[in-house]
Amino acid sequence: MDFSFSRDEELFRESIRSFLSKRLSPIWESIDENQLIPIDIIRDLGSQGFFGIPIPEDYGGQGGTFTLAAIAAEEVAYHDPSMATAVYTLLNNAWPYILYLYGKESIRSSILPKVSSGVGFFGIASTEPQGGSDIASLKTSALRDGDYYRVYGEKIYVSGVREALEQLELGGWLLIARTGRIEDKHKGLTCFALIGKRDGRIISNLSYTKLNTIGRHGISTGILTLDGVEIHKDYVIGEENRGFYIAMEGFNLARPLVAAANIGAARWALEEVVKWSRERVLFDKPIASFQGVSFPLAELAVELEAARLLVYKTVWLADRIYIRREPGLKPVDLAFYAAASKMKAVETAYKIFETALKTLGALSYTKESKIHRGFLGILSYLVGAEGAQNIMRYIVARELIGKEYVK
Ligand SMILES: Cc1cc2nc3c(=O)[nH]c(=O)nc-3n(C[C@H](O)[C@H](O)[C@H](O)COP(=O)(O)OP(=O)(O)OC[C@H]3O[C@@H](n4cnc5c(N)ncnc54)[C@H](O)[C@@H]3O)c2cc1C
């Protein structure tokens with residue numbers, strides 16, 4: 001057993017830390033306040049190799065690993081704890097990989113290099129207004145008409161709607177839609193590469209509405225309305241009616257990166273509160289000298305370390321399955337760890353931010369303090385983004401106890 005990162009991984013972390021501390025740290029509050037990641041930051045992240053990390057170089061990716069992608073997600077969230085830039089980064093590492101695994105050659109080679117270089121964005125459009133957890137009941141329909149599918153429906157709480165459709169040259173999502181009968185449940189779903197904007201223009205019959213979110217303002221969250229959007233059959237990802245399984249594989253790759261981002265933001269918050277506990281003097285002593293202050297911080301440091309180990313074990317396993325393709329391992333082997341790492345990292349981050357807010361006292365209730373911006377960022381994952389926390393518990397319980405018991 002070896003808990004150390006390789007020399008290449010250490011060098012990668014050092015080099016991106018140096019870049020992010022100069023380029024992102026100084027402006028992360030203004031990203032949140034102005035509700036926009038400037039396009040030059042996106043371009044710079046693209047040229048510095050933050051996107052498409054596990055995608056082979058032949059498709060414009062970095063030819064790296066999920067471990068490197070997790071390092072990137074952790075460091076980006078540490079340097080922008082509002083999570084906006086981290087969300088942007090982790091989506092552009094996880095979901096394009098599914099396009100790489102299951103997309104048609106012509107689609108992979110035209111889209112992936114653009115996403116990896118920062119000219120394009122590729123996220124996930126799964127959730128619908130009637131509820132995000134019950135994917136098997138989703139209603140958006142894709143009706144075959146010759147070489148095209150005509151898609152009708154609404155996707156809600158979709159990250160990156162404005163970035164994909166306004167800010168960048170190319171933008172899209174892995175779209176899950178119904179191609180079978182509603183009674184077919186999860187066996188009647190298909191994944192598509194919905195490229196909503198290409199060559200600088202939004203495609204016909206697609207529109208979006210930006211939602212007024214309470215945090216992580218730098219990346220938009222919104223509604224996509226598909227009113228007869230035409231998608232060519234070449235944009236089907238994988239086989240028709242196998243979309244549920246493909247989407248689940250995508251979530252298993254996205255969740256450890258979400259977890260990595262949560263531990264990055266949490267590490268920042270813990271450092272902030274430790275600094276504050278040394279500097280704030282009450283009753284003639286730094287408040288760190290009160291065990292009522294220092295013991296909760298000690299417990300949280302241990303929880304953070306445990307969450308971090310779980311996150312990096314998960315991406316180590318993802319690399320063995322997808323990058324090294326070790327015999328005897330299957331994509332489904334990742335399900336337990338992917339759900340467990342998201343569950344643990346998000347809840348640990350939440351506890352750390354809660355303690356940080358309380359320890360800073362009234363200051364944290366003002367915009368003088370930055371803590372609330374990080375708190376509202378990680379809260380997005382506690383309330384549902386990339387899967388509700390109870391769904392993580394459901395997956396862990398199913399893997400632990402058995403499918404025949406946990407329905
Ligand atoms: C900021 C943000 C960004 C997002 N970005 C995206 C995106 O890019 N693309 C996308 O498709 N979606 C996105 N989502 C949506 C996200 O995927 C959903 O929030 C999530 O799937 C949960 O769906 P829901 O919010 O509709 O809650 P529901 O599914 O309605 O669940 C409500 C509550 O019921 C609980 N629950 C549900 N089922 C069970 C069960 N079987 N057992 C026990 N409890 C259960 C849940 O834990 C939850 O507490 C985003 C959400 C947020 C907040």
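Read the numbers this way: they start at 1 and go in the same order the structure lists the ligands and their atoms. The shown structure was predicted, so the numbers you read here are calculated from the model rather than taken from an experiment.
Within a 4.0 Å radius of atom 42 (N) of ligand 1, the protein contributes no non-hydrogen atoms. By the definition of a contact as any protein heavy atom under 4.0 Å away, atom 34 (O) of ligand 1 is not in contact. For atom 52 (C) of ligand 1, a protein non-hydrogen atom is found at a distance below 4.0 Å.
Considering every non-hydrogen atom in both Pro96 and Leu91, the closest pair reads CD-O, 3.1 Å.
In the model, Arg178 has no side-chain atom that pairs as donor or acceptor with a side-chain atom of Ser141 under 3.5 Å. With 3.5 Å as the limit, one finds a donor-acceptor pair spanning the side chains of Ser220 and Glu163.
The nearest protein atom to atom 22 (C) of ligand 1, hydrogens excluded, is given as Ser133 OG, 3.8 Å; this is a heavy-atom distance. When hydrogens are left out, the protein atom nearest atom 16 (C) of ligand 1 is Gly384 O, 3.4 Å; that is the closest non-hydrogen contact. At the top of the distance list for atom 9 (N) of ligand 1, counting protein heavy atoms only, stands Ile124 O, 2.7 Å. The single protein non-hydrogen atom nearest to atom 46 (C) of ligand 1 is Ala388 CB, 3.6 Å, given as residue, atom name and distance. The shortest contact between atom 40 (C) of ligand 1 and any protein heavy atom is with Ile391 CD1, 4.3 Å. With respect to atom 30 (O) of ligand 1, the closest heavy atom belonging to the protein is Gly131 CA, 3.9 Å. Atom 25 (O) of ligand 1 has its closest protein heavy atom at Val383 O, 4.4 Å. Protein heavy atom nearest atom 5 (N) of ligand 1, with residue, atom name and distance: Tyr157 O, 2.7 Å.
The aromatic ring centres of Tyr350 and Tyr381 sit 6.0 Å or more apart. Between Trp316 and Phe3, the distance from one ring center to the other does not fall under 6.0 angstrom. Taking the six-membered ring for Trp and the full ring otherwise, the centers of Tyr149 and Tyr235 sit at least 6.0 Å from each other.
Listed by number with element, the atoms of ligand 1 under 4.0 Å from a non-hydrogen atom of Ser126 are 10 (C), 11 (O). Close approach of ligand 1 to Ser380 is summarised as follows: ligand atoms under 4.0 Å from at least one heavy atom of the residue are 1 (C), 53 (C).
A salt bridge does not link Lys275 with Glu279: every distance from a Lys NZ or Arg NE/NH1/NH2 to an Asp or Glu carboxylate oxygen is 4.0 Å or more. The existence of a salt bridge linking Glu386 and Lys342 is excluded, since no basic side-chain nitrogen approaches an acidic carboxylate oxygen closer than 4.0 Å. With respect to Glu166 and Lys197, no salt bridge is recorded, no charged nitrogen being found less than 4.0 Å from a carboxylate O. For Glu303 and Lys351, the salt-bridge test passes: some basic side-chain N is under 4.0 Å from an acidic carboxylate O. Salt bridge annotation for Lys114-Glu169: absent, with no cationic side-chain nitrogen under 4.0 angstrom from a carboxylate oxygen.
Residue Asn390 has at least one N or O atom closer than 3.5 Å to an N or O atom of ligand 1. Of the polar atoms of Thr221, none of the N or O atoms is found under 3.5 Å from an N or O of ligand 1, judged by distance alone. Taking only nitrogen or oxygen atoms, main chain and side chain alike, Gly132 reaches within less than 3.5 Å of ligand 1. Of the N or O atoms in Glu128, none lie within a sub-3.5 Å distance of an N or O in ligand 1. At under 3.5 Å, not a single nitrogen or oxygen of Asp134, backbone or side chain, sits near a nitrogen or oxygen of ligand 1.
Between atom 8 (O) of ligand 1 and the options Gly222, Ser159, Gly377, the minimum heavy-atom separation is to Ser159. In this structure, of Ile219, Val87, Thr127, the residue bringing a heavy atom nearest to atom 12 (N) of ligand 1 is Thr127.
Within the structure, side-chain hydrogen bond (donor to acceptor under 3.5 Å, both in side chains) contacts touching residues 390-407 (residues at least two apart or in different chains) are Glu347-Arg393.
Heavy atoms of Arg216 come nearer than 4.0 angstrom to ligand 1 in at least one pair. Residue-ligand proximity: Ala125 is placed with a non-hydrogen atom under 4.0 Å from ligand 1. Residue Val158 places a heavy atom less than 4.0 Å from ligand 1.
For Glu239, the side chain to side chain donor-acceptor pair (under 3.5 Å) criterion is met by no residue, not counting sequence neighbours.
Relative to the ring axis of Phe12, Arg7 does not place its NZ or CZ within 45° and under 6.0 Å from the centre.
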